[in-house]
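A short worksheet on the structure shown next.
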4 protein chains.
Amino acid sequence: MIIVMQPEANEEMIAGVEAKILLHGLNVHVSRGTERTLIGAIGDERKLDPKVIESLPGVERALHIVKPYKLVAREWHHAQTVIQVGNATLGDNAVCVIAGPCSVETDEQMLASAAAVARSGARMMRGGAFKPRTSPYTFQGKGVEGLTMLKNAAATVHLPVVTELMDVRMLDTFLEKGVDVIQIGARNMQNFDLLKEVGRVDVPVVLKRGLSATISEWLMSAEYIAAGGNHKIIFCERGIRTFETAYRNVLDITAIPVLKRETHLPVIVDPSHAGGKAWMVSALSCAAVAAGADGLLIEVHPSPVNAWCDADQALSPDEFSVLMKKLSAVCTAIGRTL
Amino acid sequence: MIIVMQPEANEEMIAGVEAKILLHGLNVHVSRGTERTLIGAIGDERKLDPKVIESLPGVERALHIVKPYKLVAREWHHAQTVIQVGNATLGDNAVCVIAGPCSVETDEQMLASAAAVARSGARMMRGGAFKPRTSPYTFQGKGVEGLTMLKNAAATVHLPVVTELMDVRMLDTFLEKGVDVIQIGARNMQNFDLLKEVGRVDVPVVLKRGLSATISEWLMSAEYIAAGGNHKIIFCERGIRTFETAYRNVLDITAIPVLKRETHLPVIVDPSHAGGKAWMVSALSCAAVAAGADGLLIEVHPSPVNAWCDADQALSPDEFSVLMKKLSAVCTAIGRTL
Amino acid sequence: MIIVMQPEANEEMIAGVEAKILLHGLNVHVSRGTERTLIGAIGDERKLDPKVIESLPGVERALHIVKPYKLVAREWHHAQTVIQVGNATLGDNAVCVIAGPCSVETDEQMLASAAAVARSGARMMRGGAFKPRTSPYTFQGKGVEGLTMLKNAAATVHLPVVTELMDVRMLDTFLEKGVDVIQIGARNMQNFDLLKEVGRVDVPVVLKRGLSATISEWLMSAEYIAAGGNHKIIFCERGIRTFETAYRNVLDITAIPVLKRETHLPVIVDPSHAGGKAWMVSALSCAAVAAGADGLLIEVHPSPVNAWCDADQALSPDEFSVLMKKLSAVCTAIGRTL
Amino acid sequence: MIIVMQPEANEEMIAGVEAKILLHGLNVHVSRGTERTLIGAIGDERKLDPKVIESLPGVERALHIVKPYKLVAREWHHAQTVIQVGNATLGDNAVCVIAGPCSVETDEQMLASAAAVARSGARMMRGGAFKPRTSPYTFQGKGVEGLTMLKNAAATVHLPVVTELMDVRMLDTFLEKGVDVIQIGARNMQNFDLLKEVGRVDVPVVLKRGLSATISEWLMSAEYIAAGGNHKIIFCERGIRTFETAYRNVLDITAIPVLKRETHLPVIVDPSHAGGKAWMVSALSCAAVAAGADGLLIEVHPSPVNAWCDADQALSPDEFSVLMKKLSAVCTAIGRTL
């Protein structure tokens, strides 16, 4: 850690900072420049909170030099992690497409969805049984019954399933029902008790980025899961909140190369929630793959107009089929497979 | 709801929208303008999801006309709600100051804090027993033991307590320990299962605004609580996330007059978390009260330099005492009491 | 325009709004719903400012139904516009790469840059002679002399040039020097007097998006240029400002499909300024082309480490050559040429 | 400057950074920590661009330690600057209210405005003759004629005037007409050629904050003016752009105490543009003064409903009179005068 002293800091203040650093078991190095005195704290700086140092008299700023995350960092684990889920893989040369409806509605809808996404080459199936809705007065999901419907439909096409866990009390049920991949939604990215619990199980986790989460905070949330022992974590970029109102969220395409550099874990993209409109999905999907994403999470519904939620963002089976052909060509261009 | 059709929409498309509206039990009114056809859906539009309509062929946009919230809206409940907690009130002419340390550390620290905040005129005491921390490697709070320490300390000065509930499984413990006001933190503002549970109990709730939550989403989260039967909700503005990096968050002062107009529930401000530095707290507190806030949530620690978390943002007892005198003058200037 | 009245609006207030609309030469249509009265203003609503209506007693909101831009809108000009600059084209099936250094430094640097970018297939050359710098104490560009150096270097490889105009008083000099495409920088996107002046000349304009400009504001700035008679406008997305601090700006990839739908004018992307680091340029360039961009504006310097500004974001000639091969493959995959 | 090397940086890379620093005339200090090597560049670091260092092999980050601004910094000029304009002062104990209409319309409107604002205690008059409008099809201001109307109206009540300069070619006219204070609008905050020109004259400048300008960029824009010799600069906070859509902009109240600490120059607030609605002005004005603002810039129109622009945000003379009484009480509470 580097501590920048205020220009008017005196010797007593400098000594106070030194004492605090030594108290935490780190060593001290003082450097007197022309305009500022700098103090270096040498050792395991993760033990030292910058805010504690910044509260001391005479301190202008305290800066961490090393990253606060470790288990998820590529710096500490150079090899790319590949996560196997049934026959699907995440993090290797194949781009993994996960598709299905926003929410589980009926057995018919789920069976039709499963057939459609499998036919076009999806490797996993998605579908929400528990829905985080802004309004308490809208459809909240089919619940436990929905988990069964999702598993049954996916079984007919031999695909593993991904579905969102919102309430920590439902984790055992998810395990009993055989959910293959647990999704933590954007609104729960910093629900630390939930992260701790999924960190204790041996099921892969898709960790969606919070609407205004920084890359660093997102990596720290993954660190919560990893710290519990579960290292099967998949990052999912789904658009961030900005000042722009012409579309729901801004897909942060830069996050892909940056995460691929910072972490050894797979990175996927949800183009459906990012843009919020079905007609944007094709361009955003191609961009995500071209930028290096390891997978996509796409909403497909047998009849989008009749979907019970997010009707405007789901692709029809035909649209999905066209998109998969386009994605296949982009994958080839960059030396990957679909 | 108003539906704006695309300029090239034909009669068949218009008929399709009409059919969908009638199916939901609303009436239809079509208006053909010079550049666009508009369709009005007349009736209880809360039943109709704009996304469903926007997925129909030929539709450009669908706009809700009425607000999506009802129980918390001043439009439906004109009189200001006053919430009584022990001897303290929130929402009447008196500005209620809630103060105490960021986290519960030791009995000594809590007793000293209680004495200090009560002496200067605080009406409630705050203190975190469960701490939402970005990193899994930092202090996570004293837990249940901390609740006891908080209650014991506050009892010596006869103040009710406010403390944060992060995990739904802890709600019963909060009730057993006699927590007077439950705080829902910024990161859990859209943890809908947690909102539903606190909606079922008869304890006032401080609902902090999410870091990038809109006013509308915040009101909808309150609506979740109110829909469960608990109408004792206190909004707490604590700064929003923007592009600015010179301070932690931007205190959204405009939210105060806007919320006071939109809802009948009390609105308070947390100047300590917003700015993130102790030296900013005085200016932000005075501004919040001058803008019409019903209360403040201020961090005070007997020895800020030794605080276990957020050491740089707590006021010392002396600083808090000076601030309370200043606030008292501002209250008088605007016709309120402290 | 649709005017939503407040629930408590009375007949007198409704009549007041009607009178104001009629005064502006539009017709009125009143619709009384269950919770709100709506008033429609029928006719050329561009004559009516929503703010004027919102200032009237009893009005809750006034909403424009049609888009405020016209000359640049695809709604009014369906065919895609193709802009010819020397042998290069923008807006047709070929993706146009414009490359060169951030700033013009020396004749040697410019000649080496020109040779490098032409060799790898760039269709135009870029280079800044006037530099908008945050600090008055840093290099401000070579000025008029730089324009000559840029033109001379580009002439050796028969490429047209793009360079930024910051000061309206320099426009005549730009024309005399034969600048082929005038760039309006992000900081000047709403410098309306500058927009008006470049609207009066017959030289294509690259209009960069402001750091926090909405799509609508950006289109309106183009409308300023078009209203003067110059319809040769090229939109350039260069990253927007958000809360994220891990990279300079967030490349708004969604803006590409959205602009391609809203306007008939070409859309290009500047991946160098967006990410701010040379190692991000390849991923962002591929993503931009895959999302449908008509061109790219890339920084290339013969020796990035020695560049006088933005040294960390320029590609070396070798890196640029590798990128062009990759882009060529992506173009083929989506049915375009490079 | 501190340079953080990548963990895998070797001795050759470290030597390369050292050589670059020495080349720029600074001294070098190398510190080898447990996880990273740090290199300190000692001397006048303003000569060294972090981007140049970050482009060198093996460098992870380069951080400036000192602030990039100097003339405007309180660190270099401790005493508060007081700017005198006619009988008004900015920066001393008196809070200076500047009021008037958004735009100059007619002589009658200006005379009525002048009488109204002077009567209630405004110390300067505002009014726009040149208007920066998002659309080229809306009223662009009365131009030079408007300057005369503004000066004439203000002369009847012996008030100095503030008005916006958009085009550098108009500066001489502003000086001839006797404009007392030149306003640089939010959209021109980084129009560096305009800043340089107003830096050469001896007229005070109100520098509005750009919609998404950081505090640091804002101070650097002021540094441009000061570097030209004009040190009479007044910062004006007018709301920033965020994700929130319930109001036009978010008034950044925290900027007030932060700027008062960072710079010796006066800081004022424009509550009218920030919120965008007349009914918000009172709460925001009181908050701004309570937070320490040296002045306010308030829109007042003799008949807001008939204003030619921003009709929804102007106060009527009666509303302004009520507000001034409220502000007077708040000033007294915090030990200032109005």
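Order of the sequence lines sets the chain letters (A, B, ...), proteins ahead of strands, with each chain counted from 1.
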Among A:Ile53, A:Asp310, A:Leu211, single out the residue with the greatest number of heavy-atom pairs under 4.5 Å to chain B.
-> A:Asp310
Hey, which of A:Pro68, A:Ser135, A:Ala227, A:Ser221 has the most heavy atom pairs under 4.5 Å with chain B?
-> A:Ser135
Do B:Met166 and A:Leu194 have side chains that get closer than 4.5 Å, going by heavy atoms?
-> no
Does a side-chain heavy-atom distance below 4.5 Å link A:Phe192 with B:Lys131?
-> no
Heavy-atom closest pair, residues [X] and [Y]:
{"X": "B:Val305", "Y": "A:Val52", "answer": "O-CG1, 4.4 Å"}
{"X": "A:Thr134", "Y": "B:Gln190", "answer": "CG2-NE2, 4.4 Å"}
{"X": "A:Ala311", "Y": "B:Lys51", "answer": "CB-O, 3.9 Å"}

Reported CG-to-CG distance for the pair B:Asn188 and A:Asn188, which is rounded to 0.5 angstrom =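 Taking CG in B:Asn188 and CG in A:Asn188, the distance rounds to 7.5 Å.
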Which region of [X], side chain (C-beta onward) or backbone (N, CA, C, O), has a non-hydrogen atom less than 4.5 Å from a non-hydrogen atom of chain A, or is it both or neither?
{"X": "B:Asp167", "result": "both"}
{"X": "B:Arg248", "result": "side chain"}
{"X": "B:Ala307", "result": "backbone"}
{"X": "B:Asp49", "result": "side chain"}
{"X": "B:Tyr137", "result": "side chain"}
{"X": "B:Ala314", "result": "neither"}
{"X": "B:Val168", "result": "side chain"}

Out of [options], return the one with the most heavy atom pairs under 4.5 angstrom to chain A.
{"options": "B:Arg169, B:Glu217, B:Gln313", "answer": "B:Arg169"}
{"options": "B:Lys70, B:Gln140, B:Lys277, B:Lys196", "answer": "B:Gln140"}
{"options": "B:Ala278, B:Pro136, B:Ser55, B:Pro50", "answer": "B:Pro136"}

For atom CD of B:Glu12, is the number of surrounding heavy atoms from other residues, nucleotides or ligands below 6.0 Å larger than 12?
->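 Counting neighbours around CD of B:Glu12, 12 or fewer heavy atoms of other residues, nucleotides or ligands fall under 6.0 Å, so no.
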Contact origin within A:Arg187 toward chain B - heavy atom pairs under 4.5 Å |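 Looking at A:Arg187, backbone and side chain both touch chain B.
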Region of A:Ala213 in contact with chain B, defined by heavy-atom distances below 4.5 Å =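 Interface part for A:Ala213: backbone (N, CA, C, O).
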